[in-house]
Structures are given as C-alpha cells and as structure tokens.
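Written below as structure tokens is the structure these notes are about.
The chains referred to below are lettered A, B, ... by the order of the sequence lines, with proteins before strands, and numbering in each begins at 1.
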Amino acid sequence: MPELPEVETIKRELEAVILDKRITAVVINNAKVIREPKKEKFVANLKNVAIKKIIRKGKLLIFELSSGKFLTIHLKMTGQLIYPSHQKRGGGVNPGKISRVSFRFFDNTLLDFNDSRLFGELRIVDDWQKLKFIKELGPEPFDIDAEKFKEMLASKKTKIKVSIMDQKFISGIGNLYANEALFRAKIHPQRPTNSLSEKEKELLFKEIKDVLLEAIHYGGSSVDQYVQVSGKPGEYVKYHKVYDREGEPCFNCGGKVERISLGSRGTYFCPACQRLKRS
DNA sequence: AATGGGACCTGCGCGC
DNA sequence: TGCGCGCAGGTCCCAT
C-alpha cells in the first residue's frame with residue numbers, strides 16, 4: 001500500500017525524470033479517477049504545461065504546474081505512476097495493469113497512472129493548500145519532536161494503532177507501517193493511546209520515524225500493487241517483522257505472530273512481545 | 001464528540 | 001476445472 005515511504009520514493013524518482021518536461025497530450029481511459037475539474041477541462045488544463053516542482057504531503061503527491069495551477073494525485077491502495085511507460089494499446093508496464101490516465105510529454109515519453117481498483121484521485125486545483133484533505137491533515141512524524149508527539153498522545157483515548165493511522169492526527173502512516181512501528185516499540189495495538197508511558201511514547205516516536213526512513217531507503221514495500229516509477233518492486237518487504245506474517249514465528253521471541261481485526265483492518269502483532277496488560 | 005462500520009472498487013487466492 | 005466468495009486497505013460518509 002502506498003504510505004509515506006512509497007509516495008516519497010515515487011516523488012524522488014519522478015523529480016529525477018519528468019521535471020520541466022512539457023505535457024503535449026493527456027489520454028483518459030477511465031474518467032472515474034478524475035475528481036475535478038471535468039474530463040475535458042482537466043485535459044485542457046494540462047496541455048502545453050510543464051511540471052515545475054513536486055511536493056508530498058502525507059500520502060498526497062502535488063505537482064506544481066507552469067500555469068500556476070496544481071495537479072494532485074492520491075494513489076490510495078492500488079495507484080501506480082510508471083515512467084517511462086512502455087505501454088502498448090493502453091496496457092501499462094506491468095502485466096495486467098491498465099493505464100487509467102496517460103500523460104504524454106514533448107519528447108513522446110509517457111507517464112502512466114495505473115489503478116486497478118479506481119480508488120485513486122486526480123485533481124487540478126488553483127491552490128492545493130485550500131483542499132479539505134490538506135487543511136485537516138495532521139503533521140508528519142518528521143515535522144514534530146518527541147515532546148510534541150507525547151503531548152498529542154496524552155489527549156487521545158482511542159487505541160494506539162487507530163491513532164497513529166489517523167491522517168488528521170499524524171500523517172503518512174498506513175496499516176503496514178503502523179503494525180511494524182508498534183512491533184518495534186513492543187506496544188500492543190489495542191492499548192489506549194493515553195495509557196502509554198513516557199518511555200513508550202518516546203520509543204514509539206523513534207520507531208515510527210526509523211521504520212519510515214528505512215522503508216524509504218529500500219524504495220518502499222511492494223505488497224499488493226505498489227511498484228516504483230521504474231516498475232521495480234520496493235525492497236523493504238524483506239524486512240517486515242509482523243505484517244502479513246500470521247502464524248509465523250516472531251523474529252524477537254519465536255512465538256507466533258497473531259492477526260486480529262482492528263478498525264476492520266488486518267492487525268499483526270506478537271502477543272508475547274506486545275502485551276496488552278502490564279505484567 | 002468519538003467510534004465503528006460500510007461504501008467505494010477490482011483482482012487474487014482459496015475452498016468446494 | 002471452474003466458480004463464487006472473502007479479503008486486501010486509504011479515505012469518506014453515515015449512524016449510533
């Protein structure tokens with residue numbers, strides 16, 4: 001799933017290959033992913049415009065255009081950005097992946113937006129800072145210090161995993177890295193947020209940042225559909241400790257990794273290392 | 001107000 | 001074999 005490390009990886013790769021290239025054509029194969037403006041206007045807004053700068057806020061990518069407007073892309077679960085695409089007749093670079101929107105540049109290269117489940121969202125807006133999603137977005141772990149993080153947790157009563165996945169609370173962490181960070185900090189995902197000790201809060205904050213940085217270093221985690229812009233998988237999946245490892249041995253104690261459903265999301269943890277009640 | 005669950009979608013893996 | 005079902009999860013929305 002594209003979370004902060006995956007979106008950051010995509011941002012960095014795109015910066016290296018598409019900045020300042022003028023868009024000459026846009027092909028929309030499925031208009032469902034175009035949220036605003038309407039299809040025709042969307043295309044017109046991009047013609048003969050170049051991408052000047054790429055910004056990432058949480059899991060949202062923001063392209064600053066030479067026209068002064070912004071193209072925002074949210075990949076949701078199955079969105080991919082592939083460049084240069086070697087598509088033939090609408091097929092993306094990955095087998096079976098269909099391009100929903102293709103951007104053609106002046107040099108005839110293609111940037112494909114693929115998204116099998118059509119949850120992705122593309123917008124062109126005058127000011128990305130006015131987007132509701134942005135206005136409500138919490139700080140990224142890298143925007144705050146441990147003191148601020150501890151202060152934020154103190155007033156939360158929800159389960160800790162739900163808290164750290166709440167983009168309005170803290171942004172960038174999705175299901176995969178929430179599971180990993182909690183395991184590394186040895187904190188049970190169902191602990192009430194405000195029940196964490198000062199030490200646990202500090203450790204969790206550190207592990208959140210560490211796991212995100214490590215994942216960025218390895219180009220993200222290719223589970224499900226995520227791939228890098230080049231089409232290569234993200235290698236961090238090799239280093240997952242608990243995610244999708246139900247019934248397998250805990251790397252720390254050898255016990256069995258458990259899976260529960262929390263907020264209707266798969267939640268993986270080691271019940272021996274991450275205790276619900278203090279012993 | 002906070003919380004939980006469903007909706008949005010498609011593809012894949014599993015069991016019969 | 002092939003089909004149908006359940007599940008995957010980012011975000012929004014609604015009900016409680």
Side-chain angles (χ1 to χ4, degrees), chain A residues 1-10 29-36 56-62 72-81 90-92 94-101 112-123 128 131-138 140 152-182 189-195 212 215 220-227 233-234 236-237 240 242-247 257-269:
Chain A
M1 321 312 133
E3 303 179 27
L4 188 151
E6 288 75 27
V7 181
E8 178 65 21
T9 299
I10 289 169
N29 298 310
N30 192 317
K32 194 166 180 69
V33 297
I34 310 293
R35 301 307 169 111
E36 64 176 305
R56 181 190 55 73
K57 288 285 166 189
K59 303 170 192 170
L60 185 71
L61 276 174
I62 302 155
T72 69
I73 300 184
H74 200 304
L75 302 170
K76 294 289 182 79
M77 264 107 63
T78 53
Q80 301 175 327
L81 284 165
N94 297 299
K97 304 298 178 295
I98 293 166
S99 162
R100 304 304 193 182
V101 181
D112 274 357
F113 173 73
N114 299 344
D115 185 10
S116 67
R117 290 173 72 180
L118 298 170
F119 286 158
E121 297 186 2
L122 276 60
R123 297 190 149 79
W128 61 270
L131 286 169
K132 184 169 172 274
F133 177 81
I134 289 291
K135 284 199 278 191
E136 293 177 350
L137 200 65
E140 292 188 6
M152 286 162 63
L153 295 195
S155 55
K156 275 267 198 189
K157 293 173 197 159
T158 18
K159 299 175 181 84
I160 186 62
K161 176 162 179 266
V162 174
S163 288
I164 61 173
M165 281 178 66
D166 178 358
Q167 303 303 298
K168 296 179 172 107
F169 182 67
I170 191 162
S171 57
I173 307 159
N175 195 38
L176 198 161
Y177 296 110
N179 280 304
E180 293 297 317
L182 287 167
Q190 288 180 305
R191 291 267 304 278
T193 301
N194 58 9
S195 77
L212 294 178
S221 300
S222 281
V223 299
D224 203 359
Q225 309 245 312
Y226 165 76
V227 289
Y236 194 64
V237 67
H240 293 174
V242 284
Y243 184 77
D244 206 19
R245 294 196 61 247
E246 182 183 13
V257 173
E258 257 182 39
R259 180 192 183 280
I260 57 171
S261 184
L262 214 166
S264 62
R265 294 293 172 261
T267 300
Y268 302 86
F269 67 105

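- Rounding to whole angstrom units, CD1 of residue A:Ile73 and P of C:dG10 are separated by 18 Å.
- Per the geometry, CE belonging to A:Met165 stands 15 Å off P belonging to B:dT3, to the nearest Å.
- Atom CE of A:Met77 and atom C1' of C:dC7 are 11 Å apart (whole Å).
- Considering only heavy atoms from C-beta on, A:Leu153 comes within 4.5 Å of A:Phe169 through its side chain.
- Note: NZ (A:Lys76) to C1' (C:dC13) measures 12 Å, nearest angstrom.
- Using atom C1' as the reference point in both C:dC7 and B:dG5, the two lie 16 Å apart (nearest Å).
- Looking at the side chain of A:Tyr243, the nearest of the listed nucleotides C:dG10, C:dG9, B:dG11 is C:dG9.
- Note on A:Lys159: only backbone sugar-phosphate atoms sit closer than 4.0 angstrom, heavy atoms only; bases stay farther off.
- The distance from atom CG of A:Leu131 to atom CD1 of A:Ile62, rounded to the nearest 0.5 Å, is 7.5 Å.
- Across C:dG9 and B:dC14, the matching P atoms stand 16 Å from one another, rounded to whole Å.
- Comparing C:dC13, B:dT10, C:dT11 by their nearest atom to the side chain of A:His74 picks out C:dT11.
- A:Tyr236 places none of its side-chain heavy atoms less than 4.5 Å from the side chain of A:Pro5.
- Distance from the side chain of A:Gln167 is smallest to C:dT11 among C:dT11, C:dC7, C:dG10.
- Straight-line distance from the CD atom of A:Glu180 to the P atom of C:dG9: 12 Å, rounded to whole Å.
- Looking at A:Leu60 and A:Leu137, their side chains never come closer than 4.5 Å, going by heavy atoms from C-beta outward.
- Note that CG of A:Leu182 and OH of A:Tyr268 are 14.5 Å apart. Values are rounded to the nearest 0.5 Å.
- Remark: the separation of the P atoms in B:dG6 and C:dG6 is 13 Å, to the nearest Å.
- Side-chain atoms of A:Arg265 stay outside donor-acceptor range of the base of C:dA8, with no qualifying N/O pair under 3.5 Å.
- An OP1 or OP2 oxygen of C:dT11 is reached within less than 4.0 angstrom by a side-chain nitrogen or oxygen of A:Lys59.
- Atom CD1 in A:Ile260 sits about 12 Å away from atom P in B:dG4, given to the nearest Å.
- Taking the side chain of A:Lys157 as heavy atoms from C-beta on, and the options B:dG11, C:dT11, B:dT3, the nearest nucleotide is B:dT3.
- Nucleotides of DNA chain C nearest to A:Tyr268 and A:Glu121 differ in position, and the one nearer the 5' end is that of A:Tyr268.
- Rounded to whole Å, the distance from NZ on A:Lys57 to P on C:dT11 is 15 Å.
- Rounding to the nearest 0.5 Å gives a distance of 10.5 Å between CZ of A:Arg259 and CZ of A:Arg265.
- Closest to the side chain of A:Phe133, from the set C:dC12, B:dC8, B:dG11, is C:dC12.
- Summarising the base pairing, C:dT1 is matched to no nucleotide, lacking a Watson-Crick or G-U wobble pair whose two defining distances lie under 3.5 Å.
- Atom P of nucleotide C:dG10 and atom CG of A:Asn179 are separated by 10 Å, given to the nearest angstrom.
- Note on A:Thr158: only backbone sugar-phosphate atoms sit closer than 4.0 angstrom, heavy atoms only; bases stay farther off.
- Here the nucleotide nearest the side chain of A:Phe119, chosen from C:dG10, C:dG9, B:dT10, is C:dG9.
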